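Contents: one structure, followed by commentary.
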Protein chains: 2
Amino acid sequence: MPEKVTIATVAAHAQVSRQTVSNVLNSPHLVREETRVRVQEAIATLGYRINQAARQMRTGRSRLLAVRIEPTRDGINGSVLDRFLHGLTFAAAAAGYRVMLYTADDDGDEIKTFEDLLASHELDGFVLTGTDHGDVRTFWLAERGVQFVTFGRPWDEPERHSWVDVDNADGTAQATRRLIETGHRRIGFIGWPAGSGVGDDRRDGWQRTMKAYDLDPAGLDRGAPDGIAQGAECARDLLTTPEPPTAFVCASDSLALGALQAAGGRSAVIGFDDTPVAEAIGLTSVSQPLPDAAARCIDLLIDHLDGNPVGTSQVLLKPSLVVRTTA
Amino acid sequence: MPEKVTIATVAAHAQVSRQTVSNVLNSPHLVREETRVRVQEAIATLGYRINQAARQMRTGRSRLLAVRIEPTRDGINGSVLDRFLHGLTFAAAAAGYRVMLYTADDDGDEIKTFEDLLASHELDGFVLTGTDHGDVRTFWLAERGVQFVTFGRPWDEPERHSWVDVDNADGTAQATRRLIETGHRRIGFIGWPAGSGVGDDRRDGWQRTMKAYDLDPAGLDRGAPDGIAQGAECARDLLTTPEPPTAFVCASDSLALGALQAAGGRSAVIGFDDTPVAEAIGLTSVSQPLPDAAARCIDLLIDHLDGNPVGTSQVLLKPSLVVRTTA
DNA sequence: CCCTGCAACTTGAACGATCCAATAATGCAC
DNA sequence: GTGCATTATTGGATCGTTCAAGTTGCAGGG
């Protein structure tokens, strides 16, 4: 076991005071170049690492960010959450922060966890995913002056807090354009029942694009809860109309998979989220730029923590269409 | 902003000393029942939460565990890692620990991260996933006396450290038995090339079960890197033999998916890992008990941290077969 | 010549918990 | 009532860092 190396050890080795070493680390501009170099050398020689606990106790900041990891499979999930988490961890590390996980059964439970984590001074900020209309969590945090960023915008009032989101409408617009460009004229949309911000946005993108190309979207639109069976049913329903669609834009890969089964390979289908399922079966799908989104979340959050706490920022990212064999 | 509540505030409120409050929290047996209750009430009234940073500075323990989150898609990944992480976080929280994430490009990079995290006294232990033959990381950690548990056993020397693993051979054995019981006699195995511990174990389960039922496994076995195309190719190869198999046991859902496509619905197929892909397309698959495995990892790790540091423990869990439509 | 201002650095105290050693309270036998 | 062991409680020191205030040396203005 090597000797414990503290800031005092470094100070003695470099023949300066503790505070000067601290300044080299935190406010280098206060230290003369020559001294700074000498201290840096001592740090390197001794292999000194700052003791986060001690720093945290003094400054009250832990350089730890928290993200909820969900047990369920709705909203952002599976490999989507997986890739998002990796992006967060990577971006946070680059800025000297760490990412911590927590679980919660529901929003109320999550607020209890907020209290726990904050009161024991364990962390500095939150990244929230899967925000709903009038999300209680965001109000709770804002009220207490806790810094946070959401992945997913607050649909009621866009500038209430900082967020990063993917332009869902643009995703389905790209999908619809692709189908139109490959010759389709009657393009159906299979999405979720009206009312969810994300779902409505995805429907909008399809609808607006149809109209932009002078195609009538009337009657080509079905809504059902997420699921393969539901997607299949919607597709069958649309295919038995007098003028059936020749292609489908779907609000999720699950719905798309159902549509694909129902159509038996005779319709073009595009899904949403680019899940492993899509990759596995060659489903063309709209892909969210998750690493980028994660990095922007961290940027925003750290901006709030380090810098100007006034005002909020919003970032809207464009998804991209991953063309495979189904469209 | 409410007043800051420290152990001193609680002590004053309950008319005892700081040390007594500390004892109530850490060594309740030293405190008289009556006093203990009074202190607990003061804690509840004031909403006191222990300051983790201060505790950590004194005790040198952070109550933080770390897990690597991988960018790539091999080994344990996607929704598998997702579910495992949730299990870890949940189990850790129950024991008063938190889970932190870190990234690394390769094993060497990971060891550099170990150094960083440990030197700054940021965490107490590691959960490693995806261990290889003669994993350098485990040697490095063991050498330094750092506590860790792996999910996946060290194939060279089982008792070198503590681990939790799923009985892969039992999984393919269950799959093979299921196929035999539903009337199949010629059952092929599509796995990875020999040499990986997990892959060889999965092949073993199939082979042993075949022999146990007096069925000859000779010539029914193919190996290829993981992937849908590879699975399809192996299946086609097996189907063109003089006595082709009527069913396939596969080492992964990806390989199974390929086999399914190649067989065109005329063969029974069973995959491994019960990924969302399997659920989506109705693929029968072997499911790993991830929440349970995660909980056992945490149990073992915390045992090592809190209690007896002597000896290692091993836990082998049985997977279960999720029967869907393909077998 | 004194005072002010500045840069570069030093010193003592504080953050909030736990550990340690010493003290006070209690019970019991003689 | 005294002595002694047992248990419960106390005050002080401590972990490693940063904050606030202070010291030193030197240049320039009045």
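Predicted model, so just to flag it, every value in this text is computed and none were measured. Residue numbers start from 1 in every chain, and the chains themselves are labelled A, B, ... in the order their sequence lines are given, proteins ahead of strands.
Aromatic ring centres of B:Phe151 and B:Trp163: separated by at least 6.0 Å.
Each end of the helix from C:dC1-D:dG30 to C:dC30-D:dG1 yields a helix axis from five base pairs, and these two axes differ in direction by 70° (to the nearest 10 degrees).
Although no hydrogens or angles enter the test, the distance criterion places no donor-acceptor pair under 3.5 Å between the side chain of B:Arg98 and the main chain of B:Arg63.
Looking at A:Arg55 and A:Asn26, their side chains do bring a donor and an acceptor atom within 3.5 Å of each other. If you check the side chains of A:Thr103 and B:His86, you find no donor sitting under 3.5 Å from an acceptor. Side-chain N/O atoms of B:Gln19 and B:Ser17 include no donor and acceptor closer than 3.5 Å. A donor-acceptor contact closer than 3.5 angstrom links the side chains of B:Thr312 and B:Gln314. Looking only at atom types and distance, the side chain of B:His304 has a donor-acceptor partner in the side chain of B:Ser162 under 3.5 Å away.
The pair A:Asp135-A:Arg160 fails the salt-bridge criterion, with no side-chain N (NZ, NE, NH1 or NH2) lying under 4.0 Å from an Asp/Glu carboxylate O. Ion pair A:Glu33/A:Arg36 flagged as a salt bridge, since at least one NZ, NE, NH1 or NH2 atom sits closer than 4.0 Å to an Asp/Glu carboxylate oxygen. Residues A:Asp106 and A:Lys112 are not paired through a salt bridge, judged by the lack of any N-O separation under 4.0 Å between the basic side chain and the carboxylate.
Contact check of residues 32-39 of chain A against DNA chain C (heavy atom, cut-off under 4.0 Å) returns A:Arg32, A:Thr35. Near DNA chain C, meaning a heavy atom under 4.0 Å from it, residues 14-23 of chain B has B:Arg18, B:Gln19, B:Ser22 in order of number.
At the phosphate of D:dT18, OP1 or OP2 sits under 4.0 Å from a side-chain N or O atom of A:Asn26.
At least one side-chain heavy atom of A:Leu85 sits under 4.5 Å from a side-chain heavy atom of A:Leu101.
A:Tyr48 places its OH atom 7 Å from the C1' atom of D:dG16, with the value rounded to the nearest Å. The distance between atom CG of B:Asn51 and atom P of D:dC15, rounded to the nearest whole Å, is 18 Å. Taking atom NZ of residue B:Lys4 and atom P of nucleotide C:dA14, one finds them 13 Å apart after rounding to whole Å. As rounded to whole Å, 16 Å separates atom C1' of D:dG16 from atom CZ of A:Arg49.
With hydrogens and angles ignored, a donor-acceptor pair under 3.5 angstrom links the side chain of A:Arg58 to the base of D:dT18.
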